[in-house]
Number of protein chains: 2
Amino acid sequence: MQKLTPKQQRVYDYIRDTLAATGAPPTRAEIARALGFASANAAQAHLRTLARKGAIELGSRRSRGIRLVGADDDVGERAANDEADAGLPVVGRVAAGEPILAIEHIERRVRIADDVFTSPADYLLTVRGDSMTGIGILDGDLLGVKSADDIRQGQIGVFRIGDEVTVKRFIQSETGDVRLRAENPDYADIQIDPTQDELVLEGLAVGIVRSIH
Amino acid sequence: MQKLTPKQQRVYDYIRDTLAATGAPPTRAEIARALGFASANAAQAHLRTLARKGAIELGSRRSRGIRLVGADDDVGERAANDEADAGLPVVGRVAAGEPILAIEHIERRVRIADDVFTSPADYLLTVRGDSMTGIGILDGDLLGVKSADDIRQGQIGVFRIGDEVTVKRFIQSETGDVRLRAENPDYADIQIDPTQDELVLEGLAVGIVRSIH
DNA sequence: TTGCATGCTGTAAATATATCCAGTTACAGC
DNA sequence: GCTGTAACTGGATATATTTACAGCATGCAA
(Lines give C-alpha, C1' and ligand atoms only; values in the text may rest on other atoms or scores of the structure.)
Protein backbone atom coordinates (compact mmCIF):
# COMPACT_ATOMS: atom_id res chain seq x y z
CA MET A 1 0.00 0.00 0.00
CA GLN A 2 1.49 3.28 -1.14
CA LYS A 3 1.73 6.25 1.18
CA LEU A 4 -1.28 8.54 1.36
CA THR A 5 -1.34 12.32 1.22
CA PRO A 6 -2.79 14.05 4.33
CA LYS A 7 -6.03 14.72 2.49
CA GLN A 8 -6.30 11.14 1.33
CA GLN A 9 -5.63 9.98 4.86
CA ARG A 10 -8.55 12.09 6.09
CA VAL A 11 -10.82 10.41 3.55
CA TYR A 12 -9.55 7.00 4.60
CA ASP A 13 -10.06 7.85 8.28
CA TYR A 14 -13.58 9.05 7.62
CA ILE A 15 -14.44 5.77 5.92
CA ARG A 16 -13.04 3.86 8.89
CA ASP A 17 -14.96 6.00 11.36
CA THR A 18 -18.20 5.74 9.43
CA LEU A 19 -17.81 1.98 9.29
CA ALA A 20 -17.41 1.88 13.05
CA ALA A 21 -20.21 4.35 13.71
CA THR A 22 -22.90 3.13 11.33
CA GLY A 23 -21.88 -0.38 10.35
CA ALA A 24 -21.64 0.50 6.66
CA PRO A 25 -19.19 2.47 4.55
CA PRO A 26 -20.18 6.02 3.52
CA THR A 27 -21.46 7.20 0.14
CA ARG A 28 -19.60 9.70 -2.03
CA ALA A 29 -22.02 12.41 -0.97
CA GLU A 30 -21.50 11.63 2.71
CA ILE A 31 -17.74 11.82 2.34
CA ALA A 32 -18.07 15.13 0.52
CA ARG A 33 -20.33 16.58 3.20
CA ALA A 34 -18.07 15.40 6.01
CA LEU A 35 -14.90 16.78 4.47
CA GLY A 36 -16.54 19.95 3.22
CA PHE A 37 -16.55 19.26 -0.51
CA ALA A 38 -19.32 20.83 -2.54
CA SER A 39 -19.29 17.99 -5.01
CA ALA A 40 -19.55 14.27 -4.49
CA ASN A 41 -17.20 13.93 -7.39
CA ALA A 42 -14.35 15.18 -5.26
CA ALA A 43 -14.92 12.19 -3.01
CA GLN A 44 -15.16 9.91 -6.01
CA ALA A 45 -11.76 11.07 -7.25
CA HIS A 46 -10.26 10.51 -3.82
CA LEU A 47 -11.69 7.02 -3.66
CA ARG A 48 -10.25 6.09 -7.00
CA THR A 49 -6.88 7.33 -5.85
CA LEU A 50 -7.14 5.36 -2.63
CA ALA A 51 -8.06 2.28 -4.63
CA ARG A 52 -5.13 2.82 -6.97
CA LYS A 53 -2.82 3.10 -3.98
CA GLY A 54 -4.22 -0.09 -2.50
CA ALA A 55 -5.77 1.41 0.61
CA ILE A 56 -9.31 0.40 -0.33
CA GLU A 57 -11.19 -1.73 -2.83
CA LEU A 58 -14.13 -0.37 -4.76
CA GLY A 59 -17.10 -2.49 -5.75
CA SER A 60 -18.55 -1.75 -9.14
CA ARG A 61 -21.92 0.02 -9.20
CA ARG A 62 -22.46 -1.06 -5.65
CA SER A 63 -23.81 1.46 -3.20
CA ARG A 64 -21.40 1.93 -0.31
CA GLY A 65 -19.10 -0.50 -2.06
CA ILE A 66 -15.96 0.58 -0.24
CA ARG A 67 -13.76 -1.95 1.46
CA LEU A 68 -10.78 -1.16 3.63
CA VAL A 69 -7.72 -3.19 2.79
CA GLY A 70 -5.12 -1.03 4.53
CA ALA A 71 -3.49 -1.85 7.84
CA ASP A 72 -6.56 -1.01 9.95
CA ASP A 73 -8.73 -3.96 10.72
CA ASP A 74 -11.43 -2.99 13.15
CA VAL A 75 -14.33 -4.24 11.08
CA GLY A 76 -13.81 -7.68 12.46
CA GLU A 77 -12.43 -8.92 9.21
CA ARG A 78 -10.15 -11.87 9.27
CA ALA A 79 -6.84 -10.19 8.55
CA ALA A 80 -6.53 -11.14 4.96
CA ASN A 81 -4.75 -8.65 2.83
CA ASP A 82 -3.05 -10.91 0.42
CA GLU A 83 -5.06 -12.25 -2.41
CA ALA A 84 -4.77 -15.88 -1.49
CA ASP A 85 -6.53 -15.43 1.82
CA ALA A 86 -9.08 -12.96 0.55
CA GLY A 87 -10.17 -15.41 -2.12
CA LEU A 88 -10.75 -15.13 -5.81
CA PRO A 89 -12.13 -11.83 -7.10
CA VAL A 90 -15.64 -12.03 -8.55
CA VAL A 91 -15.96 -9.94 -11.69
CA GLY A 92 -19.39 -8.67 -12.74
CA ARG A 93 -19.92 -6.37 -15.66
CA VAL A 94 -16.90 -5.46 -17.69
CA ALA A 95 -16.80 -2.07 -19.35
CA ALA A 96 -15.57 -1.26 -22.80
CA GLY A 97 -11.91 -1.65 -23.44
CA GLU A 98 -10.92 -1.99 -19.84
CA PRO A 99 -8.88 -4.84 -18.48
CA ILE A 100 -11.16 -7.51 -17.10
CA LEU A 101 -9.51 -7.53 -13.71
CA ALA A 102 -9.64 -3.78 -13.09
CA ILE A 103 -10.22 -3.28 -9.40
CA GLU A 104 -13.44 -1.39 -10.09
CA HIS A 105 -15.09 -4.53 -11.41
CA ILE A 106 -14.45 -6.65 -8.37
CA GLU A 107 -17.80 -7.07 -6.70
CA ARG A 108 -16.66 -9.33 -3.92
CA ARG A 109 -14.28 -12.16 -3.17
CA VAL A 110 -14.91 -15.85 -2.75
CA ARG A 111 -12.50 -18.20 -1.07
CA ILE A 112 -11.94 -21.20 -3.32
CA ALA A 113 -8.75 -23.18 -2.93
CA ASP A 114 -6.40 -23.85 -5.81
CA ASP A 115 -7.11 -27.56 -5.84
CA VAL A 116 -10.86 -27.28 -6.30
CA PHE A 117 -10.62 -27.02 -10.07
CA THR A 118 -8.30 -29.20 -12.10
CA SER A 119 -6.49 -26.08 -13.19
CA PRO A 120 -6.46 -23.18 -10.71
CA ALA A 121 -8.64 -20.18 -11.59
CA ASP A 122 -7.31 -16.64 -11.58
CA TYR A 123 -10.71 -15.05 -11.09
CA LEU A 124 -14.42 -15.74 -11.24
CA LEU A 125 -16.71 -14.25 -13.86
CA THR A 126 -20.44 -13.88 -13.31
CA VAL A 127 -22.15 -15.53 -16.28
CA ARG A 128 -24.77 -13.44 -18.07
CA GLY A 129 -27.38 -14.98 -20.34
CA ASP A 130 -28.42 -18.46 -21.41
CA SER A 131 -26.14 -19.08 -24.34
CA MET A 132 -24.27 -21.94 -22.65
CA THR A 133 -27.04 -23.75 -20.80
CA GLY A 134 -26.50 -26.78 -23.04
CA ILE A 135 -23.40 -27.66 -21.11
CA GLY A 136 -24.73 -26.65 -17.73
CA ILE A 137 -23.45 -23.09 -17.54
CA LEU A 138 -26.41 -21.04 -16.35
CA ASP A 139 -27.17 -17.35 -15.95
CA GLY A 140 -25.71 -16.16 -12.67
CA ASP A 141 -23.15 -18.96 -12.33
CA LEU A 142 -19.65 -18.07 -11.34
CA LEU A 143 -17.23 -19.19 -14.03
CA GLY A 144 -13.70 -19.95 -12.93
CA VAL A 145 -11.34 -18.37 -15.47
CA LYS A 146 -7.64 -18.92 -15.92
CA SER A 147 -5.81 -16.33 -17.97
CA ALA A 148 -4.27 -17.78 -21.09
CA ASP A 149 -2.77 -16.70 -24.38
CA ASP A 150 -4.01 -19.49 -26.55
CA ILE A 151 -6.88 -21.90 -26.75
CA ARG A 152 -7.33 -25.23 -28.43
CA GLN A 153 -10.11 -26.64 -30.56
CA GLY A 154 -13.30 -27.21 -28.60
CA GLN A 155 -12.24 -25.58 -25.37
CA ILE A 156 -14.52 -23.17 -23.52
CA GLY A 157 -13.05 -19.69 -23.33
CA VAL A 158 -13.81 -16.16 -22.27
CA PHE A 159 -13.52 -13.85 -25.26
CA ARG A 160 -13.70 -10.18 -25.86
CA ILE A 161 -15.13 -9.15 -29.22
CA GLY A 162 -14.87 -5.40 -29.55
CA ASP A 163 -16.40 -4.17 -26.32
CA GLU A 164 -18.26 -7.29 -25.31
CA VAL A 165 -17.09 -10.14 -23.15
CA THR A 166 -18.61 -13.54 -23.83
CA VAL A 167 -18.22 -17.18 -22.88
CA LYS A 168 -18.23 -19.62 -25.82
CA ARG A 169 -16.73 -22.78 -27.24
CA PHE A 170 -13.79 -22.19 -29.56
CA ILE A 171 -14.05 -23.77 -33.00
CA GLN A 172 -11.45 -23.35 -35.70
CA SER A 173 -11.91 -24.89 -39.15
CA GLU A 174 -9.12 -26.32 -41.29
CA THR A 175 -9.11 -23.11 -43.33
CA GLY A 176 -8.45 -21.15 -40.17
CA ASP A 177 -11.90 -19.62 -39.82
CA VAL A 178 -12.84 -19.08 -36.20
CA ARG A 179 -16.32 -19.52 -34.79
CA LEU A 180 -17.50 -19.12 -31.23
CA ARG A 181 -20.15 -21.70 -30.54
CA ALA A 182 -23.06 -21.10 -28.20
CA GLU A 183 -24.19 -24.26 -26.45
CA ASN A 184 -27.88 -23.50 -26.79
CA PRO A 185 -29.94 -24.14 -29.93
CA ASP A 186 -31.62 -20.75 -29.48
CA TYR A 187 -28.33 -18.96 -30.06
CA ALA A 188 -26.39 -18.81 -33.29
CA ASP A 189 -22.66 -19.27 -33.48
CA ILE A 190 -20.56 -16.15 -33.76
CA GLN A 191 -18.56 -16.13 -36.94
CA ILE A 192 -15.40 -14.12 -36.55
CA ASP A 193 -14.35 -11.93 -39.44
CA PRO A 194 -10.67 -11.13 -38.83
CA THR A 195 -10.89 -8.00 -41.01
CA GLN A 196 -13.78 -6.63 -38.99
CA ASP A 197 -13.77 -8.06 -35.49
CA GLU A 198 -11.03 -7.88 -32.96
CA LEU A 199 -11.09 -11.13 -31.03
CA VAL A 200 -9.19 -11.26 -27.76
CA LEU A 201 -8.92 -14.33 -25.56
CA GLU A 202 -9.38 -13.33 -21.93
CA GLY A 203 -8.91 -16.81 -20.54
CA LEU A 204 -9.98 -20.43 -20.37
CA ALA A 205 -12.95 -21.69 -18.40
CA VAL A 206 -11.69 -24.04 -15.70
CA GLY A 207 -14.75 -24.47 -13.53
CA ILE A 208 -18.20 -23.53 -12.39
CA VAL A 209 -19.54 -22.54 -8.99
CA ARG A 210 -23.24 -22.10 -8.43
CA SER A 211 -25.28 -21.42 -5.35
CA ILE A 212 -28.63 -23.20 -5.19
CA HIS A 213 -31.34 -21.59 -3.11
CA MET B 1 -33.47 -9.36 21.97
CA GLN B 2 -36.49 -11.55 21.38
CA LYS B 3 -36.12 -14.97 19.92
CA LEU B 4 -36.08 -15.24 16.14
CA THR B 5 -38.01 -17.69 13.98
CA PRO B 6 -35.85 -19.97 11.80
CA LYS B 7 -36.63 -17.86 8.76
CA GLN B 8 -35.76 -14.67 10.55
CA GLN B 9 -32.53 -16.26 11.74
CA ARG B 10 -31.61 -17.05 8.16
CA VAL B 11 -32.09 -13.41 7.23
CA TYR B 12 -29.98 -12.34 10.19
CA ASP B 13 -27.27 -14.84 9.28
CA TYR B 14 -27.20 -13.64 5.70
CA ILE B 15 -26.70 -10.07 6.84
CA ARG B 16 -23.84 -11.16 9.06
CA ASP B 17 -22.23 -13.17 6.28
CA THR B 18 -22.59 -10.38 3.75
CA LEU B 19 -21.01 -7.98 6.17
CA ALA B 20 -18.06 -10.30 6.52
CA ALA B 21 -17.80 -11.03 2.82
CA THR B 22 -18.25 -7.57 1.34
CA GLY B 23 -17.69 -5.10 4.18
CA ALA B 24 -21.17 -3.64 3.87
CA PRO B 25 -24.66 -4.87 4.77
CA PRO B 26 -26.85 -6.20 1.94
CA THR B 27 -29.74 -4.42 0.22
CA ARG B 28 -33.32 -5.69 0.34
CA ALA B 29 -32.96 -7.01 -3.17
CA GLU B 30 -29.79 -8.87 -2.32
CA ILE B 31 -31.44 -10.51 0.67
CA ALA B 32 -34.42 -11.51 -1.44
CA ARG B 33 -32.18 -13.01 -4.13
CA ALA B 34 -30.10 -14.91 -1.61
CA LEU B 35 -33.06 -16.39 0.25
CA GLY B 36 -35.07 -17.04 -2.88
CA PHE B 37 -37.78 -14.39 -2.49
CA ALA B 38 -39.29 -13.02 -5.66
CA SER B 39 -39.93 -9.66 -4.07
CA ALA B 40 -37.60 -7.37 -2.20
CA ASN B 41 -40.57 -6.49 -0.08
CA ALA B 42 -40.39 -9.89 1.59
CA ALA B 43 -36.93 -8.94 2.80
CA GLN B 44 -38.18 -5.54 3.89
CA ALA B 45 -40.88 -7.16 6.02
CA HIS B 46 -38.32 -9.46 7.61
CA LEU B 47 -36.02 -6.54 8.36
CA ARG B 48 -38.79 -4.63 10.08
CA THR B 49 -39.55 -7.66 12.17
CA LEU B 50 -35.89 -8.13 13.08
CA ALA B 51 -35.70 -4.46 14.04
CA ARG B 52 -38.81 -4.75 16.16
CA LYS B 53 -37.30 -7.75 17.93
CA GLY B 54 -34.11 -5.84 18.56
CA ALA B 55 -31.80 -7.98 16.44
CA ILE B 56 -30.92 -5.15 14.07
CA GLU B 57 -31.29 -1.40 13.70
CA LEU B 58 -32.57 0.16 10.51
CA GLY B 59 -31.47 3.50 9.16
CA SER B 60 -34.19 5.49 7.48
CA ARG B 61 -33.90 5.95 3.73
CA ARG B 62 -30.30 4.91 3.98
CA SER B 63 -28.99 2.40 1.49
CA ARG B 64 -27.64 -0.67 3.25
CA GLY B 65 -28.70 0.93 6.50
CA ILE B 66 -28.75 -2.28 8.50
CA ARG B 67 -26.87 -2.59 11.75
CA LEU B 68 -26.46 -5.75 13.78
CA VAL B 69 -27.19 -5.26 17.45
CA GLY B 70 -27.76 -8.88 18.40
CA ALA B 71 -25.55 -10.96 20.65
CA ASP B 72 -22.74 -11.26 18.12
CA ASP B 73 -20.09 -8.81 19.24
CA ASP B 74 -17.59 -9.63 16.57
CA VAL B 75 -19.25 -9.25 13.24
CA GLY B 76 -16.67 -10.76 10.98
CA GLU B 77 -15.74 -13.63 13.19
CA ARG B 78 -15.69 -16.98 11.55
CA ALA B 79 -15.14 -20.12 13.49
CA ALA B 80 -12.34 -22.01 11.80
CA ASN B 81 -12.49 -25.54 13.08
CA ASP B 82 -10.38 -28.41 11.83
CA GLU B 83 -12.88 -29.46 9.22
CA ALA B 84 -12.87 -26.07 7.60
CA ASP B 85 -9.14 -26.23 7.22
CA ALA B 86 -9.14 -29.68 5.74
CA GLY B 87 -12.00 -28.76 3.41
CA LEU B 88 -15.34 -30.32 2.69
CA PRO B 89 -15.42 -34.09 2.30
CA VAL B 90 -16.20 -35.34 -1.19
CA VAL B 91 -18.50 -38.33 -1.16
CA GLY B 92 -18.50 -40.67 -4.13
CA ARG B 93 -20.65 -43.74 -4.41
CA VAL B 94 -22.66 -44.62 -1.38
CA ALA B 95 -23.18 -48.26 -0.57
CA ALA B 96 -26.41 -49.83 0.54
CA GLY B 97 -27.76 -48.81 3.85
CA GLU B 98 -24.68 -47.08 5.08
CA PRO B 99 -24.64 -43.52 6.34
CA ILE B 100 -23.71 -41.15 3.59
CA LEU B 101 -20.82 -39.61 5.48
CA ALA B 102 -19.16 -42.87 6.47
CA ILE B 103 -15.43 -42.40 6.39
CA GLU B 104 -15.04 -45.05 3.70
CA HIS B 105 -16.90 -42.88 1.25
CA ILE B 106 -14.76 -39.81 1.59
CA GLU B 107 -12.67 -39.73 -1.55
CA ARG B 108 -10.90 -36.47 -0.88
CA ARG B 109 -11.41 -33.07 0.60
CA VAL B 110 -11.92 -29.80 -1.18
CA ARG B 111 -11.43 -26.45 0.46
CA ILE B 112 -14.49 -24.32 -0.15
CA ALA B 113 -15.20 -21.51 2.29
CA ASP B 114 -18.51 -21.17 4.09
CA ASP B 115 -19.49 -18.04 2.26
CA VAL B 116 -19.17 -19.45 -1.25
CA PHE B 117 -22.69 -20.84 -1.22
CA THR B 118 -25.59 -18.88 0.17
CA SER B 119 -26.05 -21.59 2.73
CA PRO B 120 -22.90 -23.43 3.85
CA ALA B 121 -22.53 -27.01 2.65
CA ASP B 122 -21.76 -29.88 5.00
CA TYR B 123 -20.26 -32.09 2.31
CA LEU B 124 -19.96 -32.54 -1.43
CA LEU B 125 -21.62 -35.34 -3.34
CA THR B 126 -20.38 -36.49 -6.71
CA VAL B 127 -23.36 -36.43 -9.06
CA ARG B 128 -24.01 -39.61 -11.05
CA GLY B 129 -26.16 -39.64 -14.15
CA ASP B 130 -27.98 -37.12 -16.33
CA SER B 131 -31.31 -36.86 -14.57
CA MET B 132 -30.83 -33.22 -13.55
CA THR B 133 -29.14 -31.75 -16.59
CA GLY B 134 -32.20 -29.56 -17.20
CA ILE B 135 -31.13 -27.29 -14.39
CA GLY B 136 -27.43 -27.49 -15.09
CA ILE B 137 -26.47 -30.31 -12.75
CA LEU B 138 -24.28 -32.60 -14.82
CA ASP B 139 -22.73 -36.03 -14.38
CA GLY B 140 -19.54 -35.67 -12.35
CA ASP B 141 -20.44 -32.33 -10.79
CA LEU B 142 -19.83 -31.86 -7.09
CA LEU B 143 -23.10 -31.05 -5.37
CA GLY B 144 -22.87 -29.03 -2.19
CA VAL B 145 -25.22 -30.62 0.35
CA LYS B 146 -26.43 -29.26 3.63
CA SER B 147 -27.93 -31.75 6.03
CA ALA B 148 -31.56 -31.01 6.80
CA ASP B 149 -34.60 -32.64 8.30
CA ASP B 150 -37.21 -31.15 6.10
CA ILE B 151 -37.59 -29.85 2.61
CA ARG B 152 -40.05 -27.50 1.00
CA GLN B 153 -41.98 -27.67 -2.23
CA GLY B 154 -39.75 -27.36 -5.27
CA GLN B 155 -36.41 -27.52 -3.51
CA ILE B 156 -33.60 -29.73 -4.77
CA GLY B 157 -32.71 -32.44 -2.29
CA VAL B 158 -30.59 -35.51 -1.82
CA PHE B 159 -32.80 -38.49 -1.06
CA ARG B 160 -32.30 -42.08 -0.14
CA ILE B 161 -34.94 -44.47 -1.44
CA GLY B 162 -34.25 -47.89 -0.06
CA ASP B 163 -30.59 -48.39 -0.88
CA GLU B 164 -30.20 -45.76 -3.54
CA VAL B 165 -29.17 -42.16 -3.14
CA THR B 166 -30.51 -39.70 -5.67
CA VAL B 167 -30.72 -35.98 -6.36
CA LYS B 168 -34.16 -34.71 -7.35
CA ARG B 169 -36.64 -31.88 -7.03
CA PHE B 170 -39.15 -32.38 -4.24
CA ILE B 171 -42.82 -32.10 -5.24
CA GLN B 172 -45.68 -32.65 -2.86
CA SER B 173 -49.27 -32.50 -4.06
CA GLU B 174 -52.18 -31.12 -2.04
CA THR B 175 -53.18 -34.64 -1.17
CA GLY B 176 -49.78 -35.28 0.34
CA ASP B 177 -48.43 -37.47 -2.44
CA VAL B 178 -44.71 -37.06 -2.87
CA ARG B 179 -42.91 -37.17 -6.19
CA LEU B 180 -39.25 -36.70 -6.93
CA ARG B 181 -38.90 -34.85 -10.19
CA ALA B 182 -36.04 -35.43 -12.58
CA GLU B 183 -35.09 -32.29 -14.48
CA ASN B 184 -34.60 -34.08 -17.76
CA PRO B 185 -37.40 -35.07 -20.16
CA ASP B 186 -35.75 -38.46 -20.68
CA TYR B 187 -36.32 -39.41 -17.07
CA ALA B 188 -39.66 -40.04 -15.43
CA ASP B 189 -40.57 -38.66 -12.05
CA ILE B 190 -40.30 -41.03 -9.12
CA GLN B 191 -43.64 -41.53 -7.46
CA ILE B 192 -43.23 -42.37 -3.80
CA ASP B 193 -45.51 -45.02 -2.36
CA PRO B 194 -45.32 -44.58 1.41
CA THR B 195 -46.48 -48.15 1.99
CA GLN B 196 -43.66 -49.54 -0.16
CA ASP B 197 -40.80 -47.11 -0.28
CA GLU B 198 -38.84 -45.69 2.54
CA LEU B 199 -37.90 -42.12 1.63
CA VAL B 200 -35.17 -40.45 3.64
CA LEU B 201 -34.01 -36.90 3.12
CA GLU B 202 -30.23 -36.76 3.28
CA GLY B 203 -29.96 -33.03 2.76
CA LEU B 204 -30.63 -29.97 0.62
CA ALA B 205 -28.64 -28.98 -2.43
CA VAL B 206 -26.97 -25.66 -1.77
CA GLY B 207 -24.54 -25.39 -4.64
CA ILE B 208 -22.60 -26.82 -7.54
CA VAL B 209 -18.89 -27.03 -8.22
CA ARG B 210 -17.62 -28.28 -11.55
CA SER B 211 -14.19 -28.52 -13.01
CA ILE B 212 -13.96 -27.83 -16.74
CA HIS B 213 -11.08 -29.48 -18.55
C1' DT C 1 -65.07 -17.85 14.20
C1' DT C 2 -62.27 -13.77 14.56
C1' DG C 3 -58.13 -11.60 14.90
C1' DC C 4 -53.27 -11.52 14.61
C1' DA C 5 -48.47 -12.70 13.34
C1' DT C 6 -45.74 -14.76 9.86
C1' DG C 7 -44.33 -14.99 5.30
C1' DC C 8 -44.83 -14.12 1.06
C1' DT C 9 -45.97 -11.74 -4.56
C1' DG C 10 -46.06 -7.75 -7.58
C1' DT C 11 -46.11 -2.95 -8.90
C1' DA C 12 -44.99 1.71 -8.60
C1' DA C 13 -42.89 5.79 -6.94
C1' DA C 14 -39.61 8.49 -4.48
C1' DT C 15 -35.15 8.91 -3.22
C1' DA C 16 -30.26 7.69 -2.84
C1' DT C 17 -26.06 6.64 -5.17
C1' DA C 18 -22.46 5.96 -8.42
C1' DT C 19 -20.41 7.64 -12.29
C1' DC C 20 -19.32 10.43 -16.27
C1' DC C 21 -18.11 14.87 -18.40
C1' DA C 22 -16.18 19.47 -18.75
C1' DG C 23 -13.86 22.74 -16.43
C1' DT C 24 -10.88 25.38 -12.65
C1' DT C 25 -7.06 26.27 -9.28
C1' DA C 26 -2.73 25.42 -7.21
C1' DC C 27 1.76 23.60 -6.79
C1' DA C 28 6.15 21.06 -7.79
C1' DG C 29 9.68 19.87 -11.02
C1' DC C 30 11.95 20.27 -15.36
C1' DG D 1 6.69 28.12 -19.99
C1' DC D 2 5.16 23.28 -19.93
C1' DT D 3 3.68 18.99 -17.81
C1' DG D 4 1.79 16.17 -14.34
C1' DT D 5 -0.60 15.49 -9.98
C1' DA D 6 -3.68 16.80 -6.39
C1' DA D 7 -7.87 18.78 -5.22
C1' DC D 8 -11.68 20.56 -6.32
C1' DT D 9 -16.97 22.72 -8.67
C1' DG D 10 -21.29 21.88 -11.06
C1' DG D 11 -24.37 19.47 -13.80
C1' DA D 12 -26.28 15.44 -15.95
C1' DT D 13 -27.65 10.69 -16.10
C1' DA D 14 -28.29 5.92 -15.27
C1' DT D 15 -28.87 2.74 -11.92
C1' DA D 16 -29.59 1.12 -7.13
C1' DT D 17 -32.32 1.19 -3.24
C1' DT D 18 -35.90 2.03 -0.05
C1' DT D 19 -40.52 2.21 0.80
C1' DA D 20 -45.46 2.35 0.30
C1' DC D 21 -49.65 0.10 -1.28
C1' DA D 22 -52.62 -3.79 -2.36
C1' DG D 23 -53.15 -8.38 -2.01
C1' DC D 24 -52.86 -13.71 -0.74
C1' DA D 25 -52.06 -17.94 2.24
C1' DT D 26 -51.09 -20.26 6.58
C1' DG D 27 -51.17 -21.33 11.27
C1' DC D 28 -52.22 -20.24 15.96
C1' DA D 29 -54.50 -18.44 20.00
C1' DA D 30 -58.63 -16.19 22.02
Side-chain angles (χ1 to χ4, degrees), chain A residues 2-12 14-15 18 22 24-53 55-67 92-98 102-108 128 213, chain B residues 2-12 14-15 18 22 24-53 55-67 150 152-155 172 174 176:
Chain A
Q2 292 175 46
K3 201 152 189 293
L4 304 182
T5 67
K7 213 55 191 287
Q8 289 163 4
Q9 188 63 49
R10 284 191 62 199
V11 175
Y12 183 92
Y14 176 68
I15 297 169
T18 303
T22 74
T27 65
R28 274 66 167 164
E30 286 169 357
I31 295 172
R33 206 180 320 135
L35 301 225
F37 308 154
S39 166
N41 198 33
Q44 170 79 327
H46 274 302
L47 292 178
R48 264 204 276 257
T49 308
L50 287 175
R52 180 167 48 75
K53 291 193 172 180
I56 62 173
E57 272 181 16
L58 289 177
S60 184
R61 274 166 239 271
R62 229 172 159 273
S63 77
R64 301 175 192 273
I66 305 173
R67 182 145 230 248
R93 260 182 249 180
V94 179
E98 294 176 15
I103 194 90
E104 293 83 25
H105 302 141
I106 299 178
E107 296 179 339
R108 59 194 175 108
R128 298 286 166 211
H213 308 302
Chain B
Q2 290 174 48
K3 200 154 191 294
L4 304 181
T5 67
K7 214 56 191 287
Q8 290 161 4
Q9 187 64 49
R10 283 191 64 197
V11 175
Y12 183 92
Y14 177 69
I15 298 170
T18 302
T22 74
T27 65
R28 274 66 168 166
E30 285 170 355
I31 296 172
R33 206 180 321 137
L35 302 224
F37 308 154
S39 165
N41 200 30
Q44 170 80 325
H46 273 301
L47 291 178
R48 265 203 275 257
T49 309
L50 286 175
R52 181 168 48 73
K53 290 192 172 181
I56 62 173
E57 273 177 16
L58 288 178
S60 183
R61 271 164 240 271
R62 222 172 164 274
S63 78
R64 302 176 191 273
I66 305 173
R67 177 140 233 248
D150 37 45
R152 282 173 304 162
Q153 180 73 255
Q155 284 186 313
Q172 188 159 31
E174 290 160 12

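The figures here come from the full heavy-atom set of this structure, side chains too, leaving out hydrogens, waters and symmetry mates. Below, chains carry the letters A, B, ... as their sequence lines are ordered, and counting in each starts from 1.
From A:Arg62, atom CZ reaches atom OG1 of B:Thr27 across 8.0 Å, with rounding to the nearest 0.5 Å. Interatomic distance, CG of A:Leu35 versus CD of A:Glu30, reported as 11.5 Å (0.5 Å rounding). A distance of 5.5 Å separates NZ in B:Lys53 from OG1 in B:Thr5, rounded to the nearest 0.5 Å.
With rounding to whole Å, B:Glu30 atom CD is found 17 Å from D:dT15 atom P. B:Leu4 has its CG atom 15 Å from the C1' atom of C:dA5, to the nearest Å. Between the CD atom of A:Gln44 and the C1' atom of D:dC8 there is a distance of 14 Å, rounded to whole Å.
Annotation: side chain of A:Pro25 is not in contact with side chain of A:Thr18 (no heavy-atom distance under 4.5 Å).
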### Task
For each nucleotide in nucleotides 7-16 of chain C, reading 5' to 3', give B when a protein heavy atom comes within less than 4.0 Å of its base, S when such contact involves only the sugar-phosphate, and - otherwise.
SSBB-----S
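For the OP1/OP2 pair of D:dA20 and a distance below 4.0 Å, the side-chain nitrogens and oxygens of B:Arg48 include at least one atom meeting the criterion. Contact check, B:Arg28 against D:dT18: a side-chain N or O comes under 4.0 Å of OP1 or OP2.
Within the nucleic acid shown, A:Arg10 has no heavy atom closer than 4.0 Å to any nucleic acid atom.
The nucleotide C:dT11 finds its pairing partner in D:dA20, both defining distances of the Watson-Crick or G-U wobble pair being shorter than 3.5 Å.
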Please tabulate, one pair per line, all N/O donor-acceptor pairs under 3.5 Å involving side-chain atoms of residues 38-45 of chain B, not counting sequence neighbours.
unit_1, atom_1, unit_2, atom_2, d
B:Ser39, OG, B:Asn41, N, 3.0
B:Gln44, OE1, B:Arg28, NE, 2.9
B:Gln44, OE1, B:Arg28, NH2, 3.4

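Under the side chain to side chain contact (heavy atoms under 4.5 Å, CB included) test applied with A:Leu50, the options A:Val11, A:Ile66, A:Leu58 reduce to a single match, A:Val11.
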